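Numbers here simply count residues along the sequence, with the first being 1. Just so we're clear, the structure is a prediction, and the values are computed from it rather than from any experiment.
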Amino acid sequence: MRIVLIIILLWISVFLEPISALSRPIYPPQRIPIDYPELIAGYEGWLVIQDAAQRAIYLVSPETWEARLLVSGVDAGDMLVLGDLLAIAPREGPLIIYDIKARGERRLETPGRVEDLEAGGGVIWASIPSLGLIVGINSSNFEVARTLSISACAGREKISASDNALWVINQDCRSITRIDLRSGSKSALELDEQAIAVKAISDGALIATSGNKILKISSNLRIQKTWSLGGDFITEAQLYQLADGRIIYVAPSRWIIGEIEGDRITEFKTMAGIGGSALAGDRIWFTEPSKGRIGYAPLSRPPKITAFKVEKAGGEVFRAYLEASDPDGEPLKAYLIAYYPDLIGARQNRTYEMNQEDGRYALEFTVDHGMRAEVYAAVVDPYGNLARSEKVMIEAERVETETSWQTTRTSQTHAVTPADIYALASSLLLFIPIIIAIIYLKGRRKRRR
């Protein structure tokens, strides 16, 4: 009797560490009614987008793609949204503050060209590098609240504010100054390479450098952490920090959107050079001016599989259980994939959707009679982020019978072939001469008697 061994993994806990990263960039199929989108900002579920070709700024719905003109006839060098206010720094002319809800506009004369806008603590900060000034404008009455004599490096992303501090990349672009907005005290830090972007965070600031590094600096101007990004040199960057501590960076010249979580760095490449970016809700939006389109990278992270179980339910029937979670609380779909190495064609791979059952996922399935199968589970979130379990090899039991005149027993059967019949007939023919000889000899004996 021959019994095929059944390989079943009754319980295996799979603690996988999936890559926790933002999802790949997505391009909406709808075309926005904007020729050359460059700067972008978020406003209450809407998008504020600059059309550099039309010298206009629009309010765009990301659901219906309806566009409403906000400001026209302006070549914006920078812009930001603070509450219901849209602040615009034209390349020429006065600072523009537009009330999106009330649809009203005010123009404020500044002593020089504003190159960088930032907001913090209810104040709109405007950097005027040509005059070595940074002006703070009260967002409630539009009056100048503070004027600081400090020369910032030219360009965008060179100043950043929190409620208590203003961070500035100095005119030499190789040093950082922190200004305490309560006491007015200043402290500075010299860097080994150029700083190209700064972002104030709750306990300090983030700095992007020309050497493809991102630094985390404490409030007392100590470098706490350095991340090396690799790749081509960064010439400009936009920095963000999420509530969960992750850092998102955008490198427009490299077509890169990246994420830092702990020591892990993940990057995705867009389809063209990036004009501007904006953190809005559960995604980061970006523009591709040369393509005349916008896209977004979901901030969703992949799910995690914590346990996977396969057990035999009887005969060729098996039952699988799966435990999984999503770090962002998004709904998941779970699948069981079975691969038959001994088959070819469409029957080799089979996929089953698993059902939720008592806080986990479950599925009852069958394996082809006498076949081996590799099975594993996969879970996917709404953005296509995937986590996989380890593979489990299972084999259905093979039971075959052979019947004889005496008894029925379990053994290996043998099919009767024409060759078997021919061999049997040949053996019988060999007995014919012997039988004839026996009959002849018996006859002679009788005659002698």
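Listed by chain and number, the residues in a ring pair (Phe, Tyr, Trp, His ring centres under 6.0 Å) with Tyr249 amount to none (sequence neighbours excluded). For Pro28, the side-chain contact (heavy atoms from CB on, under 4.5 Å) criterion is met by Gln30, Trp65, Trp285, Tyr296, not counting sequence neighbours. Residues forming a side-chain hydrogen bond (donor to acceptor under 3.5 Å, both in side chains) with Thr177 (at least two apart in sequence, or on another chain): Asn170. In this view, Glu66 satisfies the salt bridge (charged side-chain N to carboxylate O under 4.0 Å, His left out) rule with no residue, not counting sequence neighbours. Not counting sequence neighbours, the partners of Asp328 by the salt bridge (charged side-chain N to carboxylate O under 4.0 Å, His left out) test are Arg301. Qualifying side-chain hydrogen bond (donor to acceptor under 3.5 Å, both in side chains) partners for Asp192, counting only residues two or more places apart in sequence or in other chains: none. The salt bridge (charged side-chain N to carboxylate O under 4.0 Å, His left out) check on Arg91 picks up Asp75, with sequence neighbours excluded. Not a single side-chain hydrogen bond (donor to acceptor under 3.5 Å, both in side chains) links Arg222 to another residue, sequence neighbours left out. Here Arg254 pairs with Glu267 under the salt bridge (charged side-chain N to carboxylate O under 4.0 Å, His left out) rule; sequence neighbours left out. Residues meeting the side-chain hydrogen bond (donor to acceptor under 3.5 Å, both in side chains) test with Ser253, sequence neighbours left out: Thr235.
In this structure, a donor-acceptor pair under 3.5 Å is absent between the side chains of Gln50 and Tyr58. Using modelled atom types, one finds a donor on one side chain and an acceptor on the other under 3.5 Å when comparing Asn138 with Ser140. Using a 3.5 Å distance cut-off with no hydrogens or angles, the side chains of Glu316 and Thr366 do not pair a donor with an acceptor.
At distances below 3.5 Å, not a single donor-acceptor pair connects side-chain atoms of Gln238 with backbone N or O atoms of Gly276. At distances below 3.5 Å, at least one donor-acceptor pair connects side-chain atoms of Ser61 with backbone N or O atoms of Glu63. A donor-acceptor pair under 3.5 Å is formed between the side chain of Lys158 and the backbone N or O of Ile196. When atom types are taken as modelled, the side chain of Tyr321 and the backbone of Ala307 share no donor-acceptor pair closer than 3.5 angstrom. Judged purely by atom type and a 3.5 angstrom limit, Asp116 uses its side chain to pair as donor or acceptor with the backbone of Ile159. Within the 3.5 Å criterion, the main-chain N or O of Tyr339 finds no donor-acceptor partner in the side chain of Asn349. In this structure, Glu364 contributes its side chain and Val317 its backbone to no donor-acceptor pair below 3.5 Å. Side chain of Asp51 to backbone of Ala56: no donor-acceptor contact under 3.5 angstrom is found. Judged purely by atom type and a 3.5 angstrom limit, Asp368 has no side-chain atom pairing as donor or acceptor with the backbone of Met371. The main-chain N or O of Gly155 is found under 3.5 Å from a side-chain atom of Glu115 such that the two form a donor-acceptor pair.
For the residue pair Met393 and Ala373, the shortest heavy atom distance occurs at SD-O, 3.3 Å. The minimum heavy-atom distance linking Pro289 with Gly273 is given by the pair CD-O, 3.6 Å. Shortest non-hydrogen contact noted between Pro382 and Pro331 is CD-O, 3.2 Å. Minimum heavy-atom separation, Ile201 to Ala205: CG1-N, 3.7 Å. Taking each heavy atom of Pro25 and Phe268 in turn, the nearest pair found is CD-CB, 3.6 Å. Closest heavy-atom contact between Tyr383 and Pro298: CD2-CG, 3.3 Å.
Considering only heavy atoms from C-beta on, Ile34 comes within 4.5 Å of Val60 through its side chain. Contact check for Thr266 versus Arg264: side-chain heavy atoms found under the 4.5 Å cut-off. The closest side-chain heavy-atom distance from Ile337 to Val375 is not below 4.5 Å. Between Ile265 and Ile214 the shortest side-chain heavy-atom distance does not fall below 4.5 Å. Contact check for Ile256 versus Val250: no side-chain heavy atoms found under the 4.5 Å cut-off. The shortest distance between side-chain heavy atoms of Gln241 and Leu239 does not fall below 4.5 Å. Contact annotation: the side chain of Lys216 never approaches that of Ile223 to less than 4.5 Å [non-hydrogen atoms, C-beta and beyond]. Counting heavy atoms from C-beta on, the side chains of Leu181 and Asn164 never come closer than 4.5 Å.
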Point to revise | From CA spacing to verdict: side chain to side chain contact (heavy atoms under 4.5 Å, CB included), Val379, Leu386 | key: CA-CA 6 Å; Val379 288; Leu386 181 72; over 6 Å; no
Point to revise | side chain to side chain contact (heavy atoms under 4.5 Å, CB included) assessment of Arg103 paired with Arg68 | key: CA-CA 11 Å; Arg103 302 191 183 187; Arg68 189 183 85 190; 2.6 Å; yes
Practice item. Apply side chain to side chain contact (heavy atoms under 4.5 Å, CB included) to the pair Leu332 and Val380, showing each step before the final yes or no. Key: CA-CA 6 Å; Leu332 300 175; Val380 61; over 6 Å; no
Exercise for review: Go through the steps for Thr209 and Leu215 under the test side chain to side chain contact (heavy atoms under 4.5 Å, CB included), then give the verdict.
Suggested key: CA-CA 8 Å; Thr209 73; Leu215 314 177; 4.1 Å; yes
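Ion pairing of Asp244 with Arg246 is present here, as a side-chain N (NZ or NE/NH1/NH2) and a carboxylate O approach within less than 4.0 Å. Electrostatic pairing of Glu311 and Arg319 does not count as a salt bridge here, judged by no charged N lying under 4.0 Å from a carboxylate O.
Atom CG of Leu322 sits about 12.0 Å away from atom CD of Glu357, to the nearest 0.5 Å. Note that CG of Asp203 and CD1 of Ile217 are 11.5 Å apart. Values are rounded to the nearest 0.5 Å. Here Thr270 contributes atom OG1 and Ile257 contributes atom CD1; the two are 6.0 Å apart, rounded to the nearest 0.5 Å. To the nearest 0.5 Å, atom CD of residue Glu157 and atom CD1 of residue Ile207 are 11.5 Å apart. The distance from atom CG of Leu206 to atom CD1 of Ile247, rounded to the nearest 0.5 Å, is 4.5 Å. Separation of atoms CD1 (Ile97) and CZ (Phe142) is listed at 5.5 Å; rounding is to 0.5 Å.
Cation-pi contact between Arg350 and Tyr340: present, with separation from the ring centre below 6.0 Å and deviation from the ring axis of at most 45°. For the pair Arg106 and Tyr98, the cation-pi criterion (under 6.0 Å, within 45° of the ring axis) is not fulfilled.
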Which donor-acceptor pairs under 3.5 Å do the side chains of residues 35-47 make with protein atoms, sequence neighbours left out?
residue: Asp35; atom: OD2; partner: Gln54; partner atom: NE2; Å: 3.1
residue: Tyr43; atom: OH; partner: Asp84; partner atom: OD1; Å: 2.9

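Contacts classified as salt bridge (Lys or Arg N to Asp or Glu O under 4.0 Å) and involving residues 333-345 (residues at least two apart or in different chains) are given here: Asp342-Arg372.
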